[in-house]
Amino acid sequence: MHIFLRFLTTAKTLSMIWLLISIFGVFYLFQYSAKPGASSKNSTIWPVGSHISKPKEKNTLVIFAHPHCPCSKATIRELERLIPHIKDKVDMHVVFVKPKNKNITWVKGSLWKQVQSLPSVHASIDQDGFESKVFGAKTSGQVYFYNSNNKLVFSGGITPSRGHEGDSLGRKYILDAIQSPTDEIKISQVFGCALVGDQS
Amino acid sequence: MSSRIEEIFNESYNRLSARTDKVFGWILLFQWFLAVVLALNYSPKTWEAGESSVHIHVWAALFLGGCLTVYPVFLVFKSPGKISNRYFVTAAQMAYSMILIHITGGRIETHFHIFGSLAFLAFYRDFKPLLLATFLTACDHLFRGYFWPMSVYGVLSASPWRAIEHAAWVLFEDFFLFISIKGGLQELKVIAEKQVNLEIILRNVEKRVEERTLELKKSQQTIIEQQQALVSAAKLSSLGEMAGGIAHEINTPLAIISLKVDQMHKYLKEGSHAPQSLQDSLGIIKKTTNRIANTINGLRTFARDGRDAVVSIIKVSAVVDDTLGLCQEKFKNNGIDLILKKNSTYENCCFYGRPIEISQVLLNLMNNAFDAVVDLDQKWVKIEASEKENMIEISVTDSGGGIALDIQEKMMQPFFTTKEIGKGTGLGLSISKGIVDAHNGKLFLDRDCKNTKFILLLPKAYEEPKIAAS
């Protein structure tokens, strides 16, 4: 035992242990950041029963967000970057999902204020997760893009990984849908907190 | 010399490395703290509908950050300056860049941490940590670009150019940092060279100082020997002077004796003598022989080396009489009045001293007085004795008009003389002063006297001498 302890405490051994723990830790962190949330059950057209107003013959973008999801700050920042490119062509909504056991004050946190500051974006509160159920959104940061014919052309996230800003497939698909309209549905991963409990 | 330059360079470099290690130790600790604060600020909790738990970023900041920090910090404070430390520091620093960028959600601003870290790593003035940092950054981008391309750039197809662009910026900074490192190492080398040059100069100067000090000591020794020779020569010179005076002191009485004897011969031959005149002549002969005896006694005491004599109790009258016996004839023959004030101090008082040496001092003062007044219209020299507290004061005053102020300041200095070259050595007063100082006495000029008056103060003795000094 004594020899084993001596071996463990030699410089080389300690250095190797340190290196392995560091690499493993960094690896685990990045793996977590790349782990998507639960994907949405999509309907191909604007869902019936939604109370969100959809203008006729105009593209509509709907984002579902958890009021306190840290990853969704990046989603809102990406929306902010998209706005100059899409604001005249897209009607934009950010829907904050309020769980049953929380009040309105709980919803209107820093993320709410961030959205309120954006031009041309409608912020609304989804009481008890009604709209999220109608749309099938399960993860904060879930984006739906409907074209002017009410057809779903994109479902997914607009961030490259959890909490990270930057180029993403979602951003590309949205811009493509505006520049080259098509009925094909594009899907990407969503990175964020669960909107509903007990997600699997 | 080149090995010494290398030694100094290595010492400077090791100190720099140790300092840089410690700075990084503090930076890593600060970054750990910063990572936790940022995690709590950006992503404190993760949610599942209304339920929350501590976000993984907070745990990562605490534990992964702790792991990245603790071991390198331990190394840098345990063995600061050790070469291997910088590689652990580099790896930890680049890992922190990844973690901080990750925690802050990939903010562009946080990417500056990479460039800042490279600049700090350049403080080691070593290329290798920079190469390692660049390698780790490249590996991170390549690895994640392959496995999680979205976490790096988004779409895989767009990443190669972005990877090259990122690498180019890092290499751009590396290039300038390499130049800076090279310049820094060169500076250290130049400083080492200058230090070695200074050491050589210092050694040479020290050697020269040693040599000069030795030369100086030898010169001083030579000077001392020469001074001693001069002092001896001065003594011999004064002895010579004295010999001339003594010859005169003896010849004159002998001439008197001879004259009286001739007279007595003539009286006896002629038979025309009166007993009284014979009596007178014999009296004169007796007195004259006594005078010669005094002169010889004075000479005898003067001839002995005074330094070996024992300090004894001396009667004032004895030493004054002995000294006058050596020079009074000279004074008389040159028309100089020799005035001796025979007061009670003169007759009765005693002092402590070596008789020969005190006699030398008095004789020197008398000779100086003689030289000062011999050409004056008014010529006299007065010798007086008095008591001053516990001291006996013997003064020699001459009819001269005093000594100029600038000469007064220098006259006790060795080799200073106002006499013509060959007439005086300039040692008389300085030797006399030395003798008197050794007797715990004082020899000085009375500046209040309008004539030239030298005062000799000697410690009074309250006993009578057991054997008379003469």
Side-chain angles (χ1 to χ4, degrees), chain A residues 11 14-15 17-37 66-74 77 97-102 106 129 132 140 157 159-172 188-189 191-199, chain B residues 39 41-53 55-57 59-61 63-68 70-72 74-75 78-79 82 84 87-88 91-92 94-96 98-99 101-108 136 140 143-144 147-159 162:
Chain A
L14 282 172
S15 304
I17 292 171
W18 177 80
L19 204 59
L20 287 170
I21 292 174
S22 303
I23 291 172
F24 174 75
V26 171
F27 175 82
Y28 185 79
L29 196 62
F30 284 123
Q31 200 197 25
Y32 170 81
S33 79
K35 184 182 167 190
H66 188 290
H68 293 282
C69 172
C71 302
S72 295
K73 283 181 198 167
R77 287 289 299 270
V97 178
K98 184 187 86 61
K100 279 181 188 163
N101 57 349
K102 299 293 178 189
W106 179 86
S132 65
S140 177
T159 57
S161 61
R162 281 182 181 269
H164 276 233
E165 302 165 25
D167 281 352
S168 63
L169 278 173
R171 175 189 164 89
K172 180 182 176 319
S188 72
Q189 291 172 325
F191 300 103
C193 299
L195 289 170
V196 294
D198 291 326
Q199 281 197 11
Chain B
N41 184 51
Y42 277 87
S43 45
K45 290 178 184 174
T46 187
W47 292 86
E48 198 170 306
E51 303 302 315
S52 67
S53 54
H55 201 284
I56 193 173
H57 284 176
W59 298 123
F63 293 105
L64 179 58
C67 172
L68 286 173
V70 166
Y71 188 57
F74 165 75
L75 290 175
K78 179 178 168 284
S79 321
K82 196 172 167 188
S84 58
Y87 303 118
F88 289 96
M94 302 325 289
Y96 257 109
M98 288 188 245
I99 289 170
I101 290 169
H102 190 81
I103 288 172
T104 56
R107 275 166 67 86
I108 294 296
L136 290 172
D140 165 66
F143 186 73
R144 282 197 295 130
F147 287 102
W148 301 296
M150 303 287 267
S151 76
V152 184
Y153 313 114
V155 180
L156 182 60
S157 63
S159 67
R162 295 289 288 273

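Naming convention: chains lettered A, B, ... in sequence-line order (proteins, then strands); numbering from 1 in each chain.
Both the backbone and the side chain of A:Pro70 have a heavy atom closer than 4.5 Å to some heavy atom of chain B. Using a 4.5 Å cut-off between heavy atoms, B:Phe88 contacts chain A through both its backbone and its side chain. Of the two parts of B:Leu68, the backbone and the side chain both hold a non-hydrogen atom closer than 4.5 Å to a non-hydrogen atom of chain A. In this structure, no portion of A:Val97 lies under 4.5 Å from any heavy atom of chain B. With a 4.5 Å cut-off on non-hydrogen atoms, A:Ser140 does not touch chain B at all. When heavy atoms are compared at a cutoff of 4.5 Å, A:Tyr28 approaches chain B solely by way of its side chain, counted from C-beta outward.
Comparing B:Ser84, B:Ala92, B:Pro72 by heavy-atom pairs within less than 4.5 Å of chain A, the highest count is held by B:Pro72. Residue with the most contacts toward chain B among A:Ser132, A:Ser15, A:Cys71: A:Ser15 (heavy-atom pairs, distance under 4.5 Å). Annotation: maximal heavy-atom pairing with chain B below 4.5 Å, among A:Leu29, A:Asn101, A:Ile23, occurs at A:Leu29.
Around NZ of A:Lys102, the count of heavy atoms belonging to other residues, nucleotides or ligands within 6.0 Å exceeds 12. Annotation: B:Phe74, atom CZ; neighbour count of heavy atoms from other residues, nucleotides and ligands within 6.0 Å does not exceed 12. Other residues, nucleotides and ligands contribute more than 12 heavy atoms inside 6.0 Å of the CH2 atom of A:Trp106.
Aromatic ring pairs are classed by plane angle as parallel below 30°, tilted from 30° to 60° and perpendicular above 60°; the pair A:Tyr32 and B:His55 is perpendicular.
In terms of heavy-atom proximity, A:Val26 sits nearest to B:Met98 at CG1-SD, 4.1 Å. Between A:Ser22 and B:Cys67, the shortest heavy-atom contact is OG-SG, 3.8 Å.
Residue B:Tyr71 holds its OH atom at 10.0 Å from CG of A:Leu19, rounded to the nearest 0.5 Å. Going from atom CZ of A:Arg77 over to atom CZ of B:Arg107 covers 6.5 Å, rounded to the nearest 0.5 Å. Distance SG/A:Cys193 to CD/B:Glu51: 13.0 Å, rounded to 0.5 Å. The distance from the OG1 atom of B:Thr46 to the NE2 atom of A:His66 is 8.5 Å, given to the nearest 0.5 Å.
Formation of a donor-acceptor pair under 3.5 Å by the A:Lys73 side chain with backbone atoms of B:Tyr42 is found in this model.
You'll find the side chain of A:His68 stays beyond 4.5 Å of the side chain of B:Ser52, heavy atoms only. Using a 4.5 Å cut-off on side-chain heavy atoms (C-beta onward), B:Trp47 and A:Pro67 make no contact.
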